[in-house]
Participant: 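Here it is: the structure, laid out below.
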Amino acid sequence: MVGKKQRTNWSGRGIEDQEAVGKEQRTNWRGSSIEDQETVGKEQRIGIEDQERVGKEHRTNWRGNGIEDQQRVEKKQRTKSWGASRIEDEKIVGTKQRTNWGGSRIKDQHMVGKKQRTNRGGSRTEDQEHPDSLFKRLVTEQSQMQLEATGFACHSDVHTNVCVSSRPVRIDTHTMKVYAPFSQAMTNQENCTISPYPRREDKTAMEYVSSVQILPGDIVPPPACRYTHNVPVVVFSSGGFTGNIFHEFNEVIIPLFLTTRHFQSRLHFVVTDFRPPFVAKFSKVLSRLSSYEVINPAANESVHCFPGAVIGLHYHDNIAVKTTDYIPEGYSMLDFTQFLRDSFNLKKRDLSQTEKPVLVLISRPKTRMFLNEDQMVTMMKTLGFNVVIAKPDTMVDVDNFAEVMNSCNVLVGAHGAGLTNEIFMPQGAVMVQVVGLNLEWASTAYYGGPATEMGLKYMEYKIEPEESSLMSLYGKNHPVITDPASIEAKGYRVGRTVYLEEQNFNISVVRYACSLSSEEPKAIRIDQQELGQEDCKQGTYCLSFYIDYLLIKSSSIVLDVEPVVGSDAAELRVLAEGERSCRFQGGNQNDQWEATGFGCHSDIHTDVCVSNRPVRIDTLTMKVYAPFSQGMPKANHIIHPYPKKEENWVNRSVSSVYILQGNISPPPPCRYTHNVPAIVFSSGGYSGNVFHDFSELIIPLFLTSRHFQSRLHFIVTDFKPIFFDKYRNIFSHLSSYEVINPAANVGVHCFPGLVVGLHYHDHLAINTTVIPIGYSMLDFKQFLRESYNLKIQDLSPTEKPVLILISRPKSRMFLNEDQMVTMMKELDFRVVIAKPDMMANIGKFAKIVNSCSVLVAAHGAGLTNIIFLPQRAVMVQVVGLDLEWASTHYYGKPATEMGLNYLEYKIEAEESSLISHYGRDNPIITDPASIVTSRGMLAGRAIYLGEQNFNINVTRFRNTLVKALELIGHLAG
């Protein structure tokens with residue numbers, strides 16, 4: 001909606017949207033300005049063709065750009081232990097003079113002749129390390145003997161598992177099975193499974209890491225090589241907690257440096273759980289550590305052969321490289337920071353004197369915010385600093401922000417991931433960490449200790465209780481303030497929620513000025529009139545100077561937004577009313593709704609609060625100032641606006657919205673005035689998985705907003721640009737306005753009405769008798785057809801019915817998928833194999849699904865696409881061991897509510913990979929209930945969802961598909 005757009009207000013009257021007071025530039029749904037065509041968050045898809053073909057071939061590099069493969073490097077012959085084959089080194093560096101991984105000469109302009117490197121003392125040395133010694137560095141001295149004898153050894157500690165092969169291996173990137181070497185000296189070793197992400201002690205992180213199965217021993221016959229490489233490979237995962245810069249450096253970048261730096265770029269990376277944004281973000285680091293394109297297994301499904309392999313990454317400590325007592329030895333954090341300077345071409349190694357020192361202030365938009373940031377900046381400027389405010393959008397481009405950090409003298413930030421950027425600072429610079437209540441240990445362990453190891457000066461500013469928002473939230477005498485240990489005793493999750501997620505800071509600027517001035521004595525002269533305090537002399541303790549940010553910015557109440565009245569209020573009322581569903585402040589519900597204009601609905605899954613009178617939202621703090629009437633008691637509400645509140649993990653990943661209900665005088669003044677209501681919800685939680693996208697966001701949003709007929713705004717916390725890019729068709733059909741990203745639209749927004757939270761009925765479900773009543777899944781499917789312009793509502797007979805087979809690349813895979821497809825074609829189906837890359841573009845894939853008669857898949861998120869099937873089509877769900885309940889409730893029952901025919905194919909034990917892994921008589925096969933009872937839900941999930949694959953009995957499965965043909969009125973071929 002660029003430019004002037006004539007539209008209707010939410011009551012139906014023609015208006016021009018005056019959202020920004022004066023001529024305010026509005027931001028689009030990505031959060032960027034509408035006039036600016038910046039494509040923030042547009043994910044760069046990577047489709048790598050065969051990366052290792054012999055000869056000259058057209059392919060895409062890991063950024064996604066087409067390049068010509070100039071691979072032919074002297075046609076060199078080598079002999080493998082599994083047979084002799086001619087290979088060509090598939091280098092992608094033009095014609096470059098380089099050494100191969102064993103040290104022999106080939107063309108590579110990176111390392112012409114003898115490669116020089118810097119040892120720990122700083123002197124230059126020639127690195128002629130023998131190939132075997134490269135692998136020995138990665139295991140203990142005891143394991144080195146095993147490595148010499150067998151060519152295979154593993155290292156294990158509390159954080160990580162790393163397995164090393166100094167002999168040829170074969171990797172099937174479809175199944176991520178590694179066929180390791182065998183020798184007569186090698187005892188029969190059991191197969192091992194590694195999750196190649198160095199945080200194995202953290203169950204939550206490992207849920208997002210795919211396993212790699214290593215089969216050491218005499219496998220006859222081994223799978224045939226399709227791609228033969230002549231340098232080793234390191235296999236690791238970009239899953240886990242990547243997306244957070246602390247975890248990216250802590251668990252991937254630094255461990256990758258430790259594990260691979262001594263290979264001098266002569267190795268490949270195979271990256272499981274491949275995340276294109278991560279690979280693009282750290283392209284300079286990855287290209288510095290490897291001269292080859294990153295291999296994405298999902299885009300290169302075949303058998304790759306390497307002369308050696310490392311599975312997993314070594315890890316030392318939080319943002320740390322230990323010089324001794326850890327494997328591998330010989331590196332320090334100074335080596336790593338020098339490596340970063342080389343990778344990002346950063347000019348400053350040591351701090352240099354400047355006339356006006358630069359201070360970077362990390363500005364957090366959610367938790368641990370500086371509520372009086374403006375006052376802090378004013379104080380910093382009076383001290384003589386050139387202040388750079390670093391907001392999340394500033395830090396997204398790590399290349400550019402690394403240069404900013406490398407030019408600064410002082411970094412200031414509250415405890416949090418943004419402080420990871422200290423790794424780019426020149427030595428001798430100062431890092432000042434604002435330490436909140438009960439965050440002392442974490443602050444030192446995660447950022448303070450590492451800072452000193454990097455050659456930085458580290459300072460802490462420990463806040464007083466009066467500077468924490470927790471005091472106003474809980475009260476001065478609450479144990480949260482007086483006895484944090486008692487809160488921690490309730491469990492890690494409770495402590496995390498309180499001290500990391502609920503806590504913000506109102507900094508005493510004069511006391512803080514003393515902290516800054518003690519390290520920069522030449523820059524200290526405080527303007528006393530501006531700060532309103534007595535002199536703050538170096539080394540003295542200053543009186544606290546507390547600033548109430550909201551009061552400073554406030555003015556008297558002016559109701560400049562027209563309230564919702566009369567029949568129009570019914571659209572908001574429908575979201576709050578229902579038998580015993582509303583929590584009003586006493587008295588008759590209807591009377592209270594009319595009197596106060598405010599009500600809430602609460603159930604096991606969600607909280608939804610509704611106002612049909614004007615509200616103000618401060619998007620910096622996500623505080624909502626709700627309506628007030630005489631005789632109405634004050635009340636505050638904290639809502640996580642994502643409909644899965646029964647799951648603690650979800651609440652931790654969803655930002656809170658604070659509703660302040662009562663006579664707040666003066667309230668903050670409106671900066672942006674809107675004339676249609678708003679709905680506030682979060683795109684955090686489990687979004688990114690198509691099942692959760694629809695079950696917990698899209699369907700609830702349809703339920704909550706459809707009856708507004710697009711005349712409303714969406715304010716989305718935990719804003720994920722990729723999510724909105726993916727579902728733009730849906731959002732544009734539910735709202736005529738650009739989505740508001742609070743982090744990119746900081747200020748006080750005023751609306752004539754508001755809904756905080758989303759209604760939720762059940763898994764992929766709409767209950768016609770639950771609030772809001774009147775909708776069904778058939779209504780939702782019709783809405784999807786309109787949103788994606790899908791032509792087929794009801795299934796019609798076709799000469800050759802189309803069957804879509806959802807092909808899973810990880811767990812719950814069809815191991816004999818080729819046999820299944822052959823059988824399906826024999827039944828006269830036209831088979832479409834849907835892999836993840838096909839399903840990534842939901843608009844295109846919706847049209848494919850809408851044209852098919854039968855959809856077949858193992859239990860999993862891909863089945864969510866049944867929402868695009870025409871009515872009377874057939875959904876066939878392959879149900880694994882111990883997945884009966886989940887299969888029925890998540891997909892089976894919803895399918896029937898959508899007007900589909902539903903068939904189940906329950907596998908026999910012999911069709912599950914678990915039987916070969918655990919044995920026929922293991923309780924995992926014979927008594928699944930005992931596994932969940934004795935080991936817990938996460939253990940059961942890991943086994944039956946994470947480890948289980950299927951080898952389908954195609955003869956038995958054929959009968960199920962014959963039944964499907966009968967249901968669609970087609971005779972089997």
Side-chain angles (χ1 to χ4, degrees), residues 8 10 12 570-571 574-575 643 679 681 690-712 714 723-724 726-737 739 755 758-798 802 804 839 841-855 861-875 890-902 967-969:
T8 60
W10 79 287
E571 294 176 346
V574 72
L575 298 176
I679 291 180
F681 66 96
V690 68
F691 170 79
H692 294 287
D693 289 344
F694 276 92
S695 188
E696 292 137 36
L697 286 171
I698 304 301
I699 295 175
L701 190 63
F702 169 85
L703 283 170
T704 309
S705 68
R706 181 60 170 164
H707 56 288
F708 284 91
Q709 300 179 4
S710 305
R711 300 190 299 271
L712 81 171
F714 294 147
F723 175 82
F724 290 94
K726 185 175 183 179
Y727 298 107
R728 64 170 66 195
N729 288 50
I730 290 174
F731 287 102
S732 64
H733 275 73
L734 289 174
S735 172
S736 298
Y737 300 81
V739 173
V755 181
L758 300 176
H759 279 284
Y760 175 90
H761 289 179
D762 207 345
H763 305 299
L764 291 182
I766 294 178
N767 189 325
T768 57
T769 61
V770 177
I771 296 174
I773 61 175
Y775 293 117
S776 69
M777 279 304 291
L778 296 181
D779 294 323
F780 178 68
K781 288 190 66 176
Q782 179 58 37
F783 164 73
L784 290 180
R785 282 192 290 272
E786 294 169 1
S787 299
Y788 288 103
N789 193 27
L790 305 180
K791 305 300 184 183
I792 304 175
Q793 178 172 343
D794 296 291
L795 187 68
S796 56
T798 58
V802 178
I804 290 185
M839 295 185 282
N841 186 320
I842 197 164
K844 291 182 179 179
F845 191 61
K847 289 180 170 62
I848 295 173
V849 176
N850 187 241
S851 68
C852 87
S853 307
V854 178
L855 185 146
L863 283 170
T864 309
N865 292 287
I866 61 176
I867 58 179
F868 302 118
L869 284 168
Q871 289 172 220
R872 296 188 298 108
V874 179
M875 188 267 275
Y890 291 158
Y891 302 106
K893 184 178 177 183
T896 59
E897 296 295 325
M898 297 177 201
L900 304 177
N901 291 299
Y902 173 53
L967 290 172
I968 63 174

Participant: Does the side chain to side chain contact (heavy atoms under 4.5 Å, CB included) test come out yes or no for Phe691 and Leu863, once each step is laid out?
Facilitator: CA-CA 8 Å; Phe691 170 79; Leu863 283 170; over 6 Å; no
Participant: Give the minimum heavy-atom separation between Ser695 and Leu764, together with the two atoms involved.
Facilitator: OG-N, 3.3 Å
Participant: At what distance, to the nearest 0.5 angstrom, does CE of Met875 lie from CG of Leu967?
Facilitator: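 Met875 CE to Leu967 CG: 13.0 Å, rounded to 0.5 Å.
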Participant: Under the criterion ring pair (Phe, Tyr, Trp, His ring centres under 6.0 Å), which of Phe702, Phe783, Phe780 is the partner of Tyr775?
Facilitator: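 It is Phe702; the other options fail the test.
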Participant: Spell out, as yes or no, whether a donor-acceptor pair under 3.5 Å connects the side chain of Ser735 to the backbone of Ser732.
Facilitator: no
Participant: Just do the side chain to side chain contact (heavy atoms under 4.5 Å, CB included) check on Gln793 and Gln871 with the steps written out, would you?
Facilitator: CA-CA 6 Å; Gln793 178 172 343; Gln871 289 172 220; 4.1 Å; yes
Participant: Say whether, by atom type as modelled, one donor and one acceptor occur between the side chain of Lys847 and the main chain of Asn789 under 3.5 angstrom.
Facilitator: no
Participant: So, applying side-chain contact (heavy atoms from CB on, under 4.5 Å) with Met777, which one of Ile766, Thr896, Asn767 is it?
Facilitator: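 Running side-chain contact (heavy atoms from CB on, under 4.5 Å) over Ile766, Thr896, Asn767 with Met777 returns exactly one hit, Ile766.
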Participant: Where do Tyr760 and Pro700 come nearest, in terms of heavy atoms and distance?
Facilitator: CD1-CG, 4.0 Å
Participant: Using the rule given for side chain to side chain contact (heavy atoms under 4.5 Å, CB included), can you reason through Leu701 versus Phe714, listing the C-alpha separation, both sets of side-chain angles and the distance that settles it, and then say yes or no?
Facilitator: CA-CA 10 Å; Leu701 190 63; Phe714 294 147; 3.9 Å; yes
Participant: Would you call Lys726 and Asp693 a salt bridge, using N to O less than 4.0 angstrom?
Facilitator: yes
Participant: Starting at OH of Tyr891, measure out to CE of Met898 and round the result to the nearest 0.5 Å.
Facilitator: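 One finds 10.0 Å between OH of Tyr891 and CE of Met898.
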Participant: Between Leu712 and Leu734, what is the shortest heavy-atom contact and its length?
Facilitator: CD2-O, 3.3 Å
Participant: Could you state the interatomic distance from OH (Tyr902) to CD (Glu897), rounded to the nearest 0.5 Å?
Facilitator: 13.5 Å
Participant: Met839 versus Val690: any side-chain heavy-atom pair under 4.5 Å?
Facilitator: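 Counting from C-beta outward, Met839 and Val690 never come under 4.5 Å.
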Participant: Drop me the distance from Ile792's CD1 to Asn850's CG, to the nearest 0.5 angstrom.
Facilitator: 5.0 Å
Participant: Aromatic rings Phe724 and Phe731: how do their planes relate, parallel, tilted or perpendicular, breaks at 30° and 60°?
Facilitator: tilted
Participant: Testing the basics here: between Leu795 and Cys852, what is the closest heavy-atom pair and its distance to 0.1 Å?
Facilitator: CD1-O, 4.1 Å
Participant: Quick check on Lys893: does its NZ atom have over 12 non-hydrogen neighbours (other residues, nucleotides or ligands) under 6.0 Å away?
Facilitator: no
Participant: Sequence neighbours left out, what passes ring-ring contact (aromatic ring centres under 6.0 Å, His included) with Tyr727? Give chain and number order.
Facilitator: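 If we apply the ring-ring contact (aromatic ring centres under 6.0 Å, His included) test to Tyr727, skipping adjacent residues, the hits are Phe694, Phe723.
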Participant: What's the shortest heavy-atom distance between His763 and Pro894, and which atoms?
Facilitator: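 Looking at all heavy atoms of both residues, the closest pair is O-CG, 3.5 Å.
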Participant: Counting N and O atoms only, with roles assigned by atom type, does the side chain of Asp762 sit under 3.5 Å from a partner on the main chain of Ala765, one being a donor and the other an acceptor?
Facilitator: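 Not a single qualifying donor-acceptor pair exists.
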Participant: Quick one: does Thr704's side chain have a donor or acceptor within less than 3.5 Å of a partner on His759's backbone?
Facilitator: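 Side chain of Thr704 to backbone of His759, a donor-acceptor pair under 3.5 Å: yes, one is there.
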Participant: Checking Ile679 against Leu758 for the side chain to side chain contact (heavy atoms under 4.5 Å, CB included) test, could you report, in this order, the C-alpha distance in whole Å, the side-chain angles of both residues, the deciding distance, and whether it holds?
Facilitator: CA-CA 8 Å; Ile679 291 180; Leu758 300 176; 3.9 Å; yes
Participant: Does any N or O in the side chain of Ser736 come within less than 3.5 Å of the main-chain N or O of Arg711, such that one atom is a donor and the other an acceptor?
Facilitator: no
Participant: For the atom pair CD1 (Ile730) and CD1 (Ile699), what is the distance rounded to the nearest 0.5 Å?
Facilitator: 9.5 Å
Participant: State, to 0.1 Å, how close Gly862 and Asn865 come at their nearest heavy-atom pair, and which atoms those are.
Facilitator: O-ND2, 2.8 Å
Participant: Under the 3.5 angstrom rule, does the side chain of Lys781 hit a backbone N or O of Leu869 as a donor-acceptor pair?
Facilitator: yes
Participant: Evaluate ring pair (Phe, Tyr, Trp, His ring centres under 6.0 Å) for Phe845 paired with Phe868, printing each intermediate quantity in order.
Facilitator: CA-CA 9 Å; Phe845 191 61; Phe868 302 118; 7.8 Å; no
Participant: Just verifying a value: how many Å separate Ile867 CD1 and Ile842 CD1, rounded to the nearest 0.5 Å?
Facilitator: 6.0 Å
Participant: Ignoring hydrogens and angles, tell me if any N or O in the side chain of Asn901 forms a donor-acceptor pair with the backbone of Arg872 under 3.5 Å.
Facilitator: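 Yes; judged by distance alone, with no hydrogens or angles, the pair exists.
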